[in-house]
Amino acid sequence: MTDPIPRTSHNAYAHRAVIVGGGFAGLGCARKLADHDDIHVTLIDRNNYHQFQPLLYQVATSQLAGTDIAHSLRGVFADQDNVDVHLAEIARVDPATRTVSTADGASWTGDVLVIAAGSRPNFFGTSGAPENSFPLYSLDDATRLRSRILGLFEQVDQDPSLVERGALNIVIVGGGPTGVEVAGALGDMLRMTVPSEYRTLDPSKARICLFDHGDALLKPFSDSAHGYVAKVLEEKGVEIHLGTGVAEVGTGHARFSDGTVLATRCVVWGGGIKAAAVAANCGLAEGRGGRVDVQPELTLAGKPGVYFAGDIANIPGSGDRSLPQLGSVALQSGAWAADNIIAGFKGKEPKPFRYKDKGIMAMIGRGAAIAEVGKHHHEIHGELAHMAWLGVHASLMTGTRAKIEAFVDWAWDGFTKAGGPHVLDRGDAAEIDWDDDPTVLPSAHETEPQPSGTAA
């Protein structure tokens with residue numbers, strides 16, 4: 001099967017570009033190319049929407065609705081006839097012919113090919129983690145986790161004895177931005193929102209346990225930031241366990257690297273990412289994290305017209321280090337790839353990618369954030385960092401309506417204790433068989449891990 005019939009014949013265009021992935025990198029690339037009337041763009045994604053991944057944790061913790069962070073790809077390009085959007089999951093990539101194909105035989109070929117398929121969770125071979133934990137890398141993940149959390153609250157409200165079986169024990173794996181932001185949001189949720197909605201549920205019986213095998217949270221930040229983050233999370237009731245990894249995730253328990261066990265029905269996985277599965281189907285050597293090593297121009301050596309951008313690529317940074325997997329890197333690399341493509345169509349040489357580092361930031365809950373901004377990463381904490389975080393993330397969102405709705409929800413969340421939409425809409429995630437984990441009995445709390453030293 002060849003290209004499906006687009007709104008306008010491909011023959012009307014001088015050049016064709018095929019882009020796989022509608023995340024930050026793919027969208028950034030498609031938008032730039034779409035401004036050139038002589039280029040036809042085919043944008044392919046497994047979803048028909050662009051998701052604002054940095055805010056997935058707010059959907060999972062009932063601060064934002066899924067529609068606040070997901071936007072129709074067709075809607076984004078509704079006024080541009082030179083862009084076709086296709087819902088498909090790419091199974092094979094042929095860099096030599098710049099062709100991508102699905103498992104059922106559909107295929108698309110372009111004069112240039114951009115692979116920007118993003119990332120997926122990396123479970124590092126942890127037993128039971130893929131089946132029993134809750135990663136947070138897609139909108140589907142976020143709604144599934146939200147329903148599991150709310151489902152546990154509902155079940156404890158009906159049967160308080162379930163607390164003794166770990167119903168209110170939430171384990172978070174990973175001390176990076178995902179783990180820290182989820183932990184802070186859950187701490188706020190249990191202290192403020194839950195008491196107003198679940199009047200018979202005692203939030204003091206809940207435990208939020210954050211585990212990381214390293215010696216500090218938010219490792220890329222400064223030592224002073226490590227102490228600030230630990231202090232804020234502990235004030236929100238989060239137990240921090242450093243130097244401890246997760247060895248196994250069962251249906252009703254988590255077993256840790258020090259041999260201890262904790263009964264739990266909710267393990268949030270923020271332990272790392274690797275390249276999307278399509279990276280392994282390109283016939284190319286895989287680099288660190290399963291990603292594809294690219295040239296400074298974001299191209300493949302010896303494969304003209306093939307670009308990789310965003311989380312699926314190891315993009316050269318300073319020295320021998322690759323750039324981190326950040327939304328800002330993905331967005332800028334996608335736009336840079338578009339500039340190089342346009343230059344190539346004009347007979348010009350592509351330019352090496354130069355990342356404009358504007359800093360790093362993470363939210364730690366209501367009124368608390370950490371940011372290192374500017375060229376020299378000037379560090380700010382607290383309310384000022386919180387406001388900077390809101391402004392930066394709103395500016396990156398797609399569409400004016402989305403920005404307004406997000407600000408309204410944030411303002412409402414800040415001035416009330418009601419929080420956002422507490423919608424239990426995933427029955428599959430909320431259903432729990434309390435007798436399906438013989439490994440751990442209700443007395444498992446006798447071997448619960450104790451908080452280790454933090455960077456406070």
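For the single chain, residues carry numbers from 1 onward in sequence order. All of these numbers come straight from a predicted model, not from anything done at the bench.
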#### Entry: Flag if over 12 foreign heavy atoms under 6.0 Å of NE2, His213
no
### Message
Using a 6.0 Å cut-off, check whether atom CD of Glu131 has over 12 heavy atoms from anything other than its own residue.
### Response
yes
Between [X] and [Y], does at least one N-O distance fall below 4.0 Å, as a salt bridge requires?
X	Y	result
Asp436	Arg265	yes
Glu297	Lys351	no
Asp140	Arg426	yes

## Note on the structure
In Val93, Ile115, Val292, the residue satisfying side-chain contact (heavy atoms from CB on, under 4.5 Å) with Leu284 is Val292
Is there a donor-acceptor pair under 3.5 Å between the side chain of [X] and the backbone N or O of [Y]?
X	Y	answer
Asn47	Tyr49	no
Arg98	Thr109	no
Arg74	Val85	yes
His40	Ala17	no
Arg207	Glu239	no
Thr102	Ala106	yes
Thr264	Asn169	yes
Gln51	Leu139	yes

[X] side chain near [Y] side chain, heavy-atom distance below 4.5 Å:
X	Y	value
Val59	Gln63	no
Val20	Val114	no
Ile370	Val229	yes
Asp311	Val329	no

Quick check for you: to the nearest 0.5 Å, what is the distance between [X] atom [atom1] and [Y] atom [atom2]?
X	Y	atom1	atom2	value
His422	Ser62	NE2	OG	4.5 Å
Ser328	Asp357	OG	CG	7.0 Å
Leu113	Ile19	CG	CD1	9.5 Å
Tyr57	Met363	OH	CE	4.5 Å
Leu87	Leu73	CG	CG	9.5 Å
His241	Ile172	NE2	CD1	10.5 Å

### Task
Step through it carefully: locate the ring centre of His15, locate the ring centre of Phe345, and say whether they are under 6.0 Å apart.
yes
### Query
Quick check, are the ring centers of Phe123 and Trp269 under 6.0 angstrom apart?
yes
### Task
Establish, yes or no, whether the cationic atom of Arg120 lies under 6.0 Å from the six-membered ring centre of Tyr137 and within 45° of the ring axis.
no
Of the non-hydrogen atoms in [X] and [Y], which two are nearest, and what is the gap between them?
X	Y	value
Thr143	Asp425	O-OD1, 4.2 Å
Asn82	Leu33	ND2-O, 4.1 Å
Ala275	Ile312	CB-CG1, 4.0 Å
Ser107	Thr99	CB-CG2, 4.1 Å
Leu218	Ala362	CD1-CB, 4.0 Å
Leu145	Cys266	CD1-SG, 3.7 Å

### Task
Report the residues that fulfil side chain to side chain donor-acceptor pair (under 3.5 Å) with Asp188, sequence neighbours left out, ordered by chain and then residue number.
Arg191, Lys236
### Message
Restricting to side chain to side chain donor-acceptor pair (under 3.5 Å), what partner residues turn up for Asp339, sequence neighbours left out?
### Response
Lys32
### Task
Ignoring hydrogens and angles, state whether a donor on the side chain of Asp45 or His50 is under 3.5 Å from an acceptor on the partner side chain.
no
### Query
Would you say the side-chain atoms of Asn314 and Arg291 include a donor-acceptor pair closer than 3.5 Å?
yes
### Query
Can Arg146 and Phe134 be said to form a side chain to side chain contact (heavy atoms under 4.5 Å, CB included), step by step?
CA-CA 10 Å; Arg146 181 183 62 200; Phe134 289 79; over 6 Å; no
In a table with atom names and distances, give each donor-acceptor pair under 3.5 Å that connects a side chain of residues 298-310 to protein atoms at least two apart or in another chain.
none

Can you say whether the rings of [X] and [Y] are parallel (under 30°), tilted (30 to 60°) or perpendicular (over 60°)?
X	Y	value
Phe211	Phe256	parallel
Phe52	Phe24	perpendicular
Phe353	Trp336	perpendicular

### Task
Any chance you could lay out the side chain to side chain contact (heavy atoms under 4.5 Å, CB included) test for Asp215 and Leu242, step after step, and finish with the verdict?
CA-CA 6 Å; Asp215 58 1; Leu242 298 177; 5.6 Å; no
